[in-house]
Each structure stands twice: as structure tokens, then as C-alpha cells.
S.K.: 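Quick one: the structure is below, and I'll ask about it shortly.
All heavy atoms count here, side chains included; hydrogens, waters and symmetry mates do not. Quantities reported herein were computed from a predicted structural model and do not represent experimental measurements.
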Amino acid sequence: AEGVAIIINKKWSNKVESYDWINPRMIKIRFRVERGHLTIICVYAPEDGKKEESEHFYNVLQKNIDRINKNDFFIIGGDLNARIGRRKLGKLIGIYGEDTENPNGRLL
């Protein structure tokens, strides 16, 4: 089953500038905040082992990340079904994760 949603506290409802239901696995919402804008992409990635579906999912995710205004703060949240292992990747991924890496982790 697929499906993704974002629950917004009433205090934030008047800050919503736009939202976009991208597909059953991805939704994007943009808020006006004190220092500009905040974009959140909520995701539910395909389970490990679904190679074509995962590749499509991560391509769509990257295209949507590329479309975010470069001045926005942004967050990706949800279930990425990714195990990234201990490879250090700049300031994004540290060395203190688990040993295991899966195909979704490599795509991520």
C-alpha cells in the first residue's frame, strides 16, 4: 500500500503558502516563516528490492528537490526505506550509522 500525508498544527495553517500532491508516495508543502520560506517534502519510498520503482521514486524526489527555491529552508521527512551504512558523505552522512547498506541507501 502507498500513501503519504502531512498533519499541520492549527498554529501553522495560516502559514501555508502552497502544497503539491506529487504522487501517492510524495507530497510537498511550502510555509511562510519568519526568515523566508520552509519547504517540506514528505515521502514513503518503495520497499527494498523494488529496483525500477525505487529508481523512479528517487528520480522524482531529486527533480522536486531541484525545483525548491534555493533560498528556502527544506526538510525531507518520512520513510525512505534506506539503509545508508557508514560511508561519510560531507556534512550529510556521518560514520556512526549501522554497517548495513541497501539499494535504496545507495540511491539516496
Side-chain angles (χ1 to χ4, degrees):
E2 306 169 353
V4 67
I6 296 176
I7 297 172
I8 303 167
N9 186 297
K10 277 195 243 180
K11 293 186 283 186
W12 280 76
S13 63
N14 65 339
K15 297 175 190 272
V16 174
E17 184 169 283
S18 63
Y19 64 92
D20 182 18
W21 182 80
I22 298 163
N23 61 41
R25 294 188 173 276
M26 206 172 302
I27 188 169
K28 178 170 55 175
I29 189 164
R30 189 173 194 231
F31 295 96
R32 289 179 307 279
V33 293
E34 232 176 87
R35 303 181 104 185
H37 291 90
L38 167 66
T39 297
I40 299 173
I41 299 178
C42 186
V43 300
Y44 176 46
E47 296 78 21
D48 192 29
K50 297 184 176 183
K51 185 178 180 186
E52 287 181 25
E53 195 176 341
S54 291
E55 286 176 358
H56 175 71
F57 170 84
Y58 283 102
N59 284 332
V60 170
L61 177 59
Q62 186 61 57
K63 286 178 185 173
N64 279 277
I65 290 170
D66 293 343
R67 290 183 190 132
I68 294 173
N69 185 307
K70 300 302 178 209
N71 295 315
D72 283 15
F73 299 98
F74 83 92
I75 297 171
I76 299 170
D79 186 351
L80 291 158
N81 281 312
R83 300 175 88 175
I84 58 172
R86 293 179 180 248
R87 277 184 301 124
K88 183 160 177 53
L89 181 59
K91 294 181 179 181
L92 300 175
I93 300 173
I95 58 172
Y96 301 106
E98 61 184 345
D99 291 331
T100 307
E101 183 180 87
N102 68 5
N104 280 355
R106 286 186 285 283
L107 289 169
L108 177 62

S.K.: Under a single-linkage definition using a 4.5 Å side-chain heavy-atom cutoff for Ile, Leu, Val, Met, Phe, Trp and Tyr, are F74 and Y58 assigned to the same hydrophobic cluster?
M.R.: yes
S.K.: Do I68 and L61 sit in one hydrophobic cluster, given that two such residues count as connected whenever their side-chain heavy atoms are within less than 4.5 Å of each other, even indirectly?
M.R.: yes
S.K.: Among all residues two or more places apart in sequence or in another chain, which pass the salt bridge (Lys or Arg N to Asp or Glu O under 4.0 Å) test with E53?
M.R.: R25
S.K.: Could you pull out all residues at least two apart from V4 that satisfy side-chain contact (heavy atoms from CB on, under 4.5 Å)?
M.R.: I27, C42
S.K.: Hey, does N71 have a side-chain heavy atom less than 4.5 Å from the side chain of H37?
M.R.: no
S.K.: Could you measure the distance from the CG atom of D72 to the OG1 atom of T39? Nearest 0.5 Å is fine.
M.R.: 4.0 Å
S.K.: Flag yes if W21 and V16 sit in one hydrophobic cluster, no otherwise; membership is Ile, Leu, Val, Met, Phe, Trp, Tyr, and two members link when side-chain heavy atoms are under 4.5 Å apart.
M.R.: yes
S.K.: Who are the side-chain contact (heavy atoms from CB on, under 4.5 Å) partners of T100, not counting sequence neighbours?
M.R.: R83, E98
S.K.: Does the side chain of I8 reach to within under 4.5 Å of the side chain of F31, using non-hydrogen atoms?
M.R.: yes
S.K.: Nearest 0.5 Å, what's the CD1-CH2 distance between I7 and W12?
M.R.: 15.5 Å
S.K.: If hydrophobic clusters are built by linking Ile, Leu, Val, Met, Phe, Trp and Tyr wherever their side-chain heavy atoms come under 4.5 Å apart, do I65 and M26 end up in the same one?
M.R.: yes
S.K.: List for me each residue that meets side-chain contact (heavy atoms from CB on, under 4.5 Å) alongside I75, sequence neighbours excluded, and say none if there are none.
M.R.: L38, I40
S.K.: Going hydrophobic residue to hydrophobic residue with side-chain gaps under 4.5 angstrom, can you get from V43 over to F73?
M.R.: no
S.K.: Does anything in residues 5-17 pair up under salt bridge (charged side-chain N to carboxylate O under 4.0 Å, His left out), and if so which pairs, sequence neighbours excluded?
M.R.: E17-R30
S.K.: Hey, could you give me each pair passing salt bridge (charged side-chain N to carboxylate O under 4.0 Å, His left out) that has a residue in residues 56-69? Not counting sequence neighbours.
M.R.: none
